[in-house]
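What's counted below: heavy atoms across the whole structure, side chains too, no hydrogens, waters or symmetry copies. One is the number of the first residue; the rest follow in order along the sequence. Note that ligands are numbered from 1 as they come in the structure, with each ligand's atoms numbered from 1 the same way.
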Amino acid sequence: MSVVTYQLQGDVGVIKVNNPPVNALSQAVRQGLKESLAQAQGDASKAVLVICEGRTFIAGADITEFGKPPKEPSLPDVLDALENSQKPVIAAIHGTALGGGLEVALACHYRCAVPSAKVGLPEVKLGILPGGGGTQRAPRLMGVEAALDLMTSGNPISAKKAAASGLVDKVLGDDLEKEALAYANELIAQNAPLKRVRDINIDPASIPEGFFEKARKQVNKRARGQIAPDRIVSCVEAAVSLPMDEGLKKERELFTELVQSPQSAAMRHAFFAEREAAKVKDLPKDTPTRDVKKVAIIGGGTMGGGIAMNFMNAGIPVTLLEINDEALQRGIGIIEKNYKITASKGKMTEEQVSKCMGLLNGTTNYDDLSDVDLVIEAVFENIDIKKQVFSKLDEVCKPGCILASNTSYQNIDEIATATKRPQDVVGMHFFSPANVMKLLENVRGEKTADDVVATVMKLAKTINKVPVLARVCYGFIGNRMLKSYGREAQLCLIEGATPKQIDDALEKFGMAMGPIAMGDLAGLDIGYKAREGLSDAEKGDPKSYKIADVLVEAGRLGQKTGKGYYKYDPETRARLEDPEVQEIIEKVAKDLGVERREISEQEIVDRCIFGLVNEGAKVLEEGIAQRPSDIDIVYLYGYAFPVAKGGPMFYADQVGLDKVYARICEFRDKIGSETWAEPAKLLEKLAKEGKSFGDWAKENA
Ligand code: NAD
């Protein structure tokens, strides 16, 4: 069946797109639109309606065509045909009209939408800009400021908001086809003109002086090194100052620049990597999953409370178990407070909050867990306590109940030995704050059953998380790699850099927060406590943790005590350099016999980031991660690695593995192998073969 059909219904020529699942703008759709439009020009129709079957209007470009040679007709050809139609063309929007989909609607003469519809231009999220006239038409319709916001945020807006801004002409009732036809007939009856968006001129005098400079500054501040938002500002500026055709030329020029940029390659990589990460290589697609209708959380502290909220938000009842009533009430109180904050920001209604809270039950009695389908343990990070908890769970939980641990470091296989059902034990490692952070690192134990793995991967979607699958090792994918990153930051600190130099360098690279400031945020006592359980050999080089130990022992635990590596302004929480810390650093360096020297910004970045990459390569060669792109997802969603760099492994590929390998060898030789771990075998092999992690992924798909 054709993906686009044309039929005359009374006076209206109806072009219907039917390209499931989301009516993507494939070559066949583009061609169908063009042909139907040509047909409409020659028949008795007085107006043309573009409408879609299924769950949405054209949702956007066809992602399978990404990176392939363009196929005729191009989107601009189709848009020209729509705009130059001799009969008014009306787009009828339902579902989500995004990107190229919305650009099709913008090239029409009128737009109507059902109330539930959403429209948006999300290209910026792939490091590009709307390249089908969107940057020229959106500001002409909705004004410069609203259009900039739409395109630089990439976030969709509701039909109502679109109508209020002028992007959509009419909000229909719920019955799409009937109401859209009525609107088309109404326009015919009014003899409505051919309202071409290109004919609208934006009066330059209406733009306040310095507006674009300010906008550029704002987007650059928000964008953490991304260039696309800046180019979008340039396009909108062109929409004001240049005639339409010249504006379109400018848009094409900047679009081409962005499409070819390493940033957009990185962001497209991230887009596909996210989809890939949810797949488990050795599990057939039809692996059965277990029903999860009721969940229990053990421990209502920082993590337990946040984890509980994820399930409550998804409408799944949660039983929270704590050691005593006091701890339980505290835990419930924190959850309640978090919801109140969300509601006060207007992100949830009071009604939604009470509905969620209604799904929460507290208990101190394990017998209340007998009917749950999944338990997530989030008690103190101590293997003995965790094993005690699992042994109790083994006694009370029904057969088939999944027993998960949110441990950051502990061995899932060892935890599983506390039960008689190791096949039901799995890691579900959430990130803090657990109700906000998108990453869910699921950890597959030696004996974890396939259907348990399939269930926790699928469950991630239900609670709106991005899952990645890891195998067991100390710290799994994310925290294990973080250790190398943190170690290099610590070494730079003791060898001569200040906390601020290190954080500035990595924040300039694009990390949301530098590693030293991150330590202060998380609390320096966490690492301190974790080290207490380790042997000297496991702790590694004292140069990599001694400063932190001294700070903790001096009561400087980080933000929560108002001071750590920095001191924090009690009012603004601004981080300030502290001479006392500098003294501590210098003393520890002296005690450990380290001669301090000047360390360049480049050295800081290379040591920390290549530290991640090197450990990532080890994680890969040991089979802890399934694919290099999974490691990228862990870092993008769990550690705020800059998306414009695609994740540490993709970044290393872009730098070139030969260069990365050479630089790691250089550090090892200069600084000594006791401080710089040996290059990973896999990294060495790929570098010498002139290959990338991407090549490895293809060979090991
Ligand atoms: P937390 O100290 O804030 O909370 C732990 C809670 O567990 C406390 O409320 C305590 O009363 C309760 N608890 C202790 N023993 C218990 C028992 N036997 N039965 C029932 N409840 C018990 O700790 P947290 O930061 O929420 O960490 C919990 C787990 O999550 C740890 O394994 C940690 O490694 C992991 N984790 C923490 C983070 C983080 O950033 N905080 C991130 C990911 C994973």
Chemist: Does the ring of Phe271 carry Arg275 above it, NZ/CZ under 6.0 angstrom from centre and within 45° of its axis?
Modeler: yes

Chemist: Give a yes or no on this: more than 12 heavy atoms of other residues, nucleotides or ligands lie within 6.0 Å of atom NZ of Lys618.
Modeler: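 Yes, NZ of Lys618 has more than 12 neighbouring heavy atoms, counting only those of other groups under 6.0 Å.
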
Chemist: Do the side chains of Ile463 and Asn313 get nearer than 4.5 Å, heavy atoms only?
Modeler: no

Chemist: Does some side-chain heavy atom of Met481 sit less than 4.5 Å from a side-chain heavy atom of Tyr639?
Modeler: no

Chemist: Mark yes or no for whether Arg575, through its side chain, and Ala517, through its backbone, hold a donor-acceptor pair below 3.5 Å.
Modeler: no

Chemist: Return a table of N or O atom pairs, ligand 1 on one side and protein on the other, at distances under 3.5 Å, rounded to 0.1 Å.
Modeler:
residue  : atom   : partner : partner atom : Å
ligand 1 : 3 (O)  : Thr302  : N            : 3.0
ligand 1 : 3 (O)  : Thr302  : OG1          : 3.0
ligand 1 : 9 (O)  : Glu322  : OE2          : 2.5
ligand 1 : 11 (O) : Glu322  : OE1          : 2.8
ligand 1 : 11 (O) : Glu322  : OE2          : 3.3
ligand 1 : 26 (O) : Thr302  : N            : 3.3
ligand 1 : 26 (O) : Met303  : N            : 2.7
ligand 1 : 30 (O) : Asn406  : ND2          : 2.8
ligand 1 : 32 (O) : Val379  : O            : 3.3
ligand 1 : 32 (O) : Glu381  : OE1          : 2.5
ligand 1 : 32 (O) : Lys386  : NZ           : 2.6
ligand 1 : 34 (O) : Glu381  : OE1          : 2.7
ligand 1 : 34 (O) : Ser408  : OG           : 2.7
ligand 1 : 36 (N) : Ser408  : OG           : 3.2

Chemist: Is it the case that atom NZ in Lys539 sees more than 12 heavy atoms from other parts of the structure closer than 6.0 Å?
Modeler: yes

